[in-house]
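Shown next, in C-alpha cells, is the structure this report addresses.
Computed from a predicted model, the values in this text were never measured in an experiment.
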Amino acid sequence: MDNPFERYDLDPREGVSAITERLKALAEEARDEAERARIREAWEELTLHPARRLRAALFAHPETRGPLGAPPSFPRRRPAPLDAPAIGLELRDLAARPSVLEALGVAAPTDDDDVPPLEDDPVLRGPP
Amino acid sequence: MPWRAADETLLQRLEDESLVEALFARVAGGAPAGKVLPPRAAGLVAEVRKLPSGAAAVAAALAGDAEPLARLVGELALADAPPVLVHHLALFHGAAAVALEQASPEAAASAWVRSLAAWFALAEERAYLARLEELVLGGGAAGGARRSRAADSAIPPERAPLELVAELAKRADAGARDLSAGGRAALLALGRIDEAARVAGASPPAALRARAEAERRRNAAIESALAVIGEALDEANVRGELATLGRALLLRAVPVWRWTSNDEAVEHFVVDRVDKIGWELYRARSWDALRQLLEPFRPMFDSLASRIERDPSHISYAAGCAQMFVFLAEVELHTPRKLALAERAVKICPTHRNGRLVLASVLCDEAMSSMRAMVVFARRDELDRVGALLDRAESLYPAASELAEAREMLARVRRGRIAV
C-alpha cells in the first residue's frame, strides 16, 4: 500500500497546513516535472479529499520515534599534520557513551584540542 | 565532546530501525523490509521498549537474539496493549502479508489475520481512532461548516476493520482473473474473520458485521474468477459448440477451485455447467466424452456431496449434485463401483428420479448377474439376497425396465435349481 504520508514523511496529525508546507518545499526541490506532478497529486489526495486523507492516515505508521535533536556543534580543529594517518580518525575522535565510561570506571576524557564551538567563540561573538 | 541526550535518542532510533527490520525479516520469512516498511515503522520498537518486558526483549535483540522480541510482539494481548502500538502492529503485519504472499499465500493470510485482529482491537478501544480522526480532519474546535464536512468524511472506529476488509476484497478481486497468489492470500484472510475477531476479543456484533461484509466481498471475488469461464461457456452454447468445447473451457474451474481453497461456490458453478454439457453428451450417446468430461471434476462432486450429507440445509443443491453421480454411474463399467455411485446419488437426494432409476437398474443387473452364476445349485441365502435386491429395486423405481425380466428369471431359478 503506497501511502503519501509515508512516502513524503508527513505526519497526518499535523493537519492540512503542515502537509501543504512540507509538500511545497518538496516540490520546490523536485528534480523534474514528473516528480513535481507526483507531489502535486499527493497534495490533492491529502488536502482536497478529507475522507481519503483520513483513510491514508489510518494506513500510515504513527510517528512514535524519539524526536531528533539538534546536531552536535563540532569544535574547530587544527589542520591535520601532513604525516597523519590516511583515515584521518584517531581514538580521541570517538565519543564513548556515558554507560561505557561508567563501566570502565573512567571520567569523561578531556581533550587538549577542545575549543569552544563557533557560535560560542568569544572572539566571533564580539563584545556582549 | 559530551554524549548528549539527543545523541542517545538518535542512537535509539537507529537501533529501532535495525531491530524492526530484523523483526520484519523474521516474520516475513526473510523478506527485506526496505521496500515495504517506512522508516516510521521503527516507532513500533520504540513502543515495545515501553512495555514491562519490552526493554529486556529489545536488549536481547540488540545482542543478537531476536526471539524474545518476536515472541513478545506475536503473543501480545491486543486488548491490553497501548493503542498506538496496536496501530503499528496492524500496519506491520499488513506489510508482512504483502511480502509473504508470493512465497506462501497461507502464511500471508495468517499475517493478514493478525493485522485484522489489531484493527478489531483498535475499533474496540475507540478512543485512539477517534482522537486520530479529530487530529486528521480537524473537526474538534472547528466551525460549523468545517465540522460538518469532517463528520461527512469520518470513518467511525467500528468501521476501521471494514477498511481492511475492503482492501483485502480489492486485492482478491484484482487477483481473480489471473488467480494470483496475492488474491489467494486475501481470499483466505476474508474467510478467517472470526479468528481475527477472537484474537482481538472483539464484540460479537463487531465480528458479525465484519464477517457479513467479508463474505459478501469474498463471494464477489469468486464470482469474478468464474465469470470469465461462464462467459466463454455461454458463447460456446450460442455457437452450438458446448458439447465439443465445453470440457476444455470448464477445466479452467479446477485452478479456480484450488485458488479459492475448494470453495463451495465453485462446486455449484461446476455442477450447474457440467449438467448442461453432460446432457448434451448423454443425448448424443457420447459415453467416452461424458466420462472424460466428468473425470477432472470428481473431487468437486465428492466435496459437494459431503457438504450435503453433513448439512441438511444444503438440500437445494442435492438434486444437481445427485445428477453428477448418476452421470458417473452411467459411464462406469465396473459393477461394484457403478452400484456405489448410484447409491451415493440416492443418498444425496433420496427423491432424485434419475438416481432411483439408475440404482434400480444396477440392482436388477446385479441380481441377474448373480442368478446367471447359479447353474445347477442355488444357495438359499443367495436366492434371498437376490430377492431382496429386486424388492429394493422395485421400491426405488417400480417401472424399471429390467425389473420384470429379473423377477421372471428369479422365478425360473427358484423352480429349476436345486436349492442348498
Can you check whether B:Val45's main-chain N or O pairs, donor with acceptor, with A:Arg65's side chain at less than 3.5 Å? no
Taking every heavy atom of B:Ile155 against every heavy atom of A:Leu54, the minimum-distance pair comes out as N-CD2, 3.4 Å
Margin query: I'd like to know whether CD of A:Glu21 has more than 12 heavy-atom contacts from other residues, nucleotides or ligands below 6.0 angstrom.
Written below: no
Checklist entry - In terms of heavy-atom contacts, does NZ of A:Lys24 have more than 12 from other residues, nucleotides or ligands at under 6.0 Å? => result no
Taken to the nearest 0.5 Å, the spacing of B:Leu44 CG from A:Thr64 OG1 works out to 7.5 Å
Heavy-atom nearest pair, A:Gly66 first then B:Arg13, reads O-NH1, 2.6 Å
Q) Is the count of non-hydrogen atoms from other residues, nucleotides or ligands lying under 6.0 Å from A:Glu41 atom CD greater than 12? A) no
One option among B:Ala46, B:Ala90, B:Ala41 has the most heavy-atom pairs under 4.5 Å with chain A, and it is B:Ala41
Closest non-hydrogen atoms of A:Ala70 and B:Ala6, given as atom of the first, atom of the second and distance, are O-CB, 4.4 Å
Ranking B:Glu47, B:Arg131, B:Gln12, B:Arg4 by heavy-atom pairs under 4.5 Å to chain A gives rank one to B:Arg4
Quick check: does any side chain N or O of B:Arg40 sit under 3.5 Å from a backbone N or O of A:Leu10, one acting as donor and the other as acceptor? yes
Worksheet item: Taking everything shown except B:Arg159 itself, do over 12 heavy atoms lie less than 6.0 Å from its CZ?
Response: no
**Study point:** Side-chain donor or acceptor of B:His87 paired with backbone N/O of A:Leu58 under 3.5 Å
**Key:** yes
- Look only at the side chain of A:Arg53 and the backbone of B:Val136, and say whether a donor-acceptor pair between them is shorter than 3.5 Å. yes
Check: Would the number of heavy atoms belonging to other residues, nucleotides or ligands and lying under 6.0 Å from CZ of B:Arg216 be above 12?
Finding: yes
Looking only at B:Asp7, B:Leu122, B:Leu11, the option with the highest number of non-hydrogen pairs under 4.5 Å against chain A is B:Leu11
B:Phe92 and A:His61 have their tightest heavy-atom pair at N-CE1, 3.9 Å
